[in-house]
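What you see is a predicted model; the values in this text were computed from it and never measured. Every number for a ligand or one of its atoms is a count from 1 in the order of the listing. Scope of the values below: all heavy atoms of this structure, side chains included, with no hydrogens, waters or symmetry mates.
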Amino acid sequence: MKTIIGNWKMNGSRAKLAEMIADLSQIETQNRVVLCVPFTMLDIDSGTINLGAQDVSAHKSGAYTGEVSAEMIAEVGAKYVIVGHSERRMYHDETNDIVRAKAQMALENGITPIICVGETMDEKRAGKTMDVIEACVRESVPNDVHDDIIIAYEPRWAIGAGITPTTQEIADAHRVIADTLSYMGLDGTPILYGASVNVSNASDIVAIKNVGGLLIGGASLKSADLIPIIESVK
Ligand code: 13P
């Protein structure tokens with residue numbers, strides 16, 4: 001079983017999500033399918049499709065205007081939450097410490113955090129990819145994890161760019177993440193690949209060692225794109 005997660009970012013509508021759920025419920029798959037949607041869609045009846053949020057507060061409750069707590073998203077049905085997406089790190093200055101606090105809040109509320117890690121183009125050019133990824137995992141994953149977590153490797157330079165790393169680069173990144181998780185006592189944690197996944201590259205990417213599934217942006221917005229990807233992943 002692989003894990004396939006759609007990240008709708010700030011797109012879609014409740015009506016579009018209802019349509020997508022109806023389409024996805026027609027297909028047979030062994031894969032775990034999750035859609036991470038805007039907060040306003042989390043209460044929609046999603047059948048066997050799991051819904052997740054795309055961010056959560058690092059705080060439990062209180063005077064944090066505009067923030068939404070893990071307890072609140074759990075109350076409306078979120079089973080998953082993306083934390084530390086590169087767009088949050090880039091536009092909201094989220095550090096590994098903040099990401100770890102958010103993941104901890106998710107875990108305390110029975111929500112599986114999808115913790116994103118990945119290097120920028122500058123870091124890649126400077127030959128720092130492996131060091132950055134390793135530090136991201138060590139510093140973004142909470143201590144003493146006893147419940148499921150998911151890691152997503154998203155090379156930041158490849159997101160929405162229509163380009164992907166080479167097979168070797170993906171294999172190397174996933175090996176470093178798997179080794180780091182193993183060192184932390186978290187063997188078996190699914191490690192997803194994300195950035196410019198489409199129907200033409202999905203099955204090749206999931207065949208790479210230590211790739212446990214996919215985190216998909218643009219190609220998760222339409223059933224016509226997402227369903228063939230889910231069906232191509234065995
Ligand atoms: P794209 O698949 O559009 O490159 O987005 C990847 C992503 O950011 C998923 O979280």
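With hydrogens left out, the protein atom closest to atom 9 (C) of ligand 1 is Glu154 OE2, 2.9 Å, a heavy atom. At the top of the distance list for atom 3 (O) of ligand 1, counting protein heavy atoms only, stands Gly218 N, 2.9 Å.
Using cut-offs of 30° and 60° on the angle between ring planes, the pair Tyr193 and His174 is tilted.
The residue among Ser220, Ala161, Gly160, Gly217 with a heavy atom at the shortest distance from atom 2 (O) of ligand 1 is Gly217.
Here Asn7 has side-chain heavy atoms under 4.0 Å from ligand 1, and that is the only part of it that gets that close.
Residue Thr120 comes nearest to Glu123 through the heavy atom pair N-OE1, 2.9 Å, listed as atom of the first residue, atom of the second, then distance.
Trp8 and Gln54 form no side-chain donor-acceptor contact under 3.5 Å, judged by distance and modelled atom types alone. Between the side chains of Glu154 and His85, at least one donor N or O lies within less than 3.5 Å of an accepting N or O.
On a distance-only criterion, Glu87 and ligand 1 share no N/O pair closer than 3.5 Å. Any N or O atom pair closer than 3.5 Å counts here, and Ala219 shares no such pair with ligand 1.
The side-chain contact (heavy atoms from CB on, under 4.5 Å) test applied to Ile227 returns Asp23, Leu24, Ile27, Ser223, Glu231, not counting sequence neighbours.
The closest approach between Ser196 and ligand 1 falls below 4.0 Å for a heavy atom of the residue.
In this structure, SG in Cys36 is found 13.0 Å from NZ in Lys79, a value given to the nearest 0.5 Å.
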